[in-house]
Amino acid sequence: MRLFTTVAGLRCYLHLRRSEQERAGQKLADANPVTVGLVPTMGALHRGHLSLIHRARQDNHLVVVSIFINPLQFGANEDFQTYPRTLEQDQQQCEQAGVDVVFAPTASELYGTVLSVNNALTQVLPPAAAIASLCGRFRPGHFEGVATVVTKLLNLVQPDRAYFGQKDAQQLAIVQRVVADLNVPVEIVSCPIVREMSGLALSSRNQYLTEEERSQATVLYRSLQQAEQLFRAGNLKSSDLLTAVQAELTTVPTVKPEYVELVDPVTLAPLEWVEESGLLAIAAHIGSTRLIDNVVLRNRQPILAIDGPAGVGKSTVVRQVAQTLGLLYLDTGAMYRAVTWLVMQSGVALDDQPAIAELVSQCQLELENQVKSLPSTPKVWVNGQDVTQAIRSAEVTAHVSTIAAQPAVSDR
Ligand code: AMP
């Protein structure tokens, strides 16, 4: 494992690793480009961070963990000075977890001297609506600081994937938004919350808690679970769910809630009802420590995927399962056929991936299930034209696997 504290060292290392692989690729036809996974952290690593690192390790050739306590995201009265700094232990944990690179710059390495000069830094400003709720309401400037540092790290490392915990749900939603709005070419991977046996979500700030406070803090998750139970029993009304959380929180008077809110997990706008999904989130002070926690309430049908070799009866089984369980049936095979038909119609060469990417990103694809006439196939329209019959032609069948294998098609 390598430790870099400078941008120059990190960039040079990543450049060398990528070009080594490129050279190998020129000799071996099947050598894939290096994929890089980035796990941004503030250090004081625990099992929550490690779950992100393990996921990144599974998915990528190279794993970079950044350890940086970002002064930009701390308010004047927050814990920037006292935040735990444990670089040596963090490095050991990273080494054991198979991390390739730890990037631990100083603030002046990352921001130069501009940090000390007021307003002299280019910053990333998330949408006002995304920072108007939850922590954004109580931590002015926090998410601007997060969005700025994450954008810088993504630009420096240029990872294929970056890993974030659902624990910081507002941060995750904002990072997803920033990446989409600024066209940053990275996949943001969301990882579930890791908890202690008591239910307390792991956090570097748990170190601040006394034994007694740690046990009091378990009321956060208990209160979310109360609302979750109510939700599962069919109550989708925000005010009832919030009341359930607040009622449980009052059983531990030393825990002082800052907010309890139910918002849309993507837009972060407040919800009156959970239609599809809702993010139920809490921040609370316990002594001088501020903790956050959340659950996502999902009010949607399960998703079942069935895969297997061609011609074994997948479609027949899926249609019958969908009908029996009252689920929507999404025929992805028909979708790939429709795209193949479109490519062939348009006269674009079957291996002109950029042209196919443009076609696919502009096409309107509609599928309608004909569940009543089982085991029929769905009706399909491409750009308003009924292609239900045309996509079953021998020409489409002959080319569909070539088209479906292209990332521009499968990613869409
Ligand atoms: P931090 O070091 O607190 O900035 O966290 C770095 C990353 O680890 C963020 O994406 C967090 O959401 C994630 N993380 C922190 N605690 C947990 C946890 N208990 N479970 C899952 N992810 C976590």
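Both ligands and their constituent atoms are indexed starting at 1 by order of listing. For reference, positions follow the sequence shown, starting with 1.
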Any idea which atoms of ligand 1 are less than 4.0 Å away from a heavy-atom of [X]?
X    : answer
P192 : 20 (N), 21 (C)
F164 : 10 (O)
L52  : 7 (C), 8 (O), 10 (O), 13 (C), 22 (N)
K167 : 16 (N), 17 (C), 18 (C), 23 (C)
L202 : 16 (N), 17 (C), 18 (C), 19 (N)

Discussion item. I'd like to know whether CD of E20 has more than 12 heavy-atom contacts from other residues, nucleotides or ligands below 6.0 angstrom.
Written reply: yes
Worksheet entry | E275 atom CD, over 12 foreign heavy atoms within 6.0 Å | no
Note the single closest protein heavy atom to [atom], along with its residue, its atom name and the distance in Å.
atom                    : value
atom 1 (P) of ligand 1  : H49 NE2, 3.6 Å
atom 10 (O) of ligand 1 : G165 N, 2.9 Å
atom 12 (O) of ligand 1 : D168 OD2, 2.6 Å
atom 4 (O) of ligand 1  : M42 CG, 3.6 Å
atom 20 (N) of ligand 1 : V194 N, 2.9 Å
atom 15 (C) of ligand 1 : H46 CE1, 3.9 Å

Report the part of [X] (side chain from C-beta onward, or backbone N, CA, C, O) that has a heavy atom under 4.0 Å from ligand 1; answer both or neither where that applies.
X    : answer
V39  : neither
Q166 : neither
R195 : neither

Worksheet entry | Min side-chain heavy-atom separation Q216-E212 under 4.5 Å | yes
Fill in: ligand 1 to P40 polar contact by distance, N or O atoms, under 3.5 Å
no
Discussion item. Geometry only, no angles: is I193 polar-contacting ligand 1 at N/O separations under 3.5 Å?
Written reply: no
Worksheet item: Under 3.5 Å, side chain of K314 to main-chain N/O of G308, donor-acceptor pair present?
Response: yes
Worksheet item: So, R195 and D293, do they make that salt bridge, N to O below 4.0 Å?
Response: yes
Discussion item. If the threshold is 4.0 Å, N to carboxylate O, is there a salt bridge linking R57 and D100?
Written reply: yes
Item to complete: Write down the atom of L241, the atom of A227, and the distance for their closest heavy-atom approach.
Response: CD2-O, 3.4 Å
Discussion item. Under a 3.5 Å cutoff, is there a donor and acceptor pairing between the side chains of R11 and T6?
Written reply: no
Discussion item. I'd like to know whether ligand 1 has Q171 as a neighbour, heavy-atom separation below 4.0 Å.
Written reply: yes
Worksheet entry | Spacing of I282 atom CD1 and E261 atom CD [to the nearest 0.5 Å] | 11.5 Å
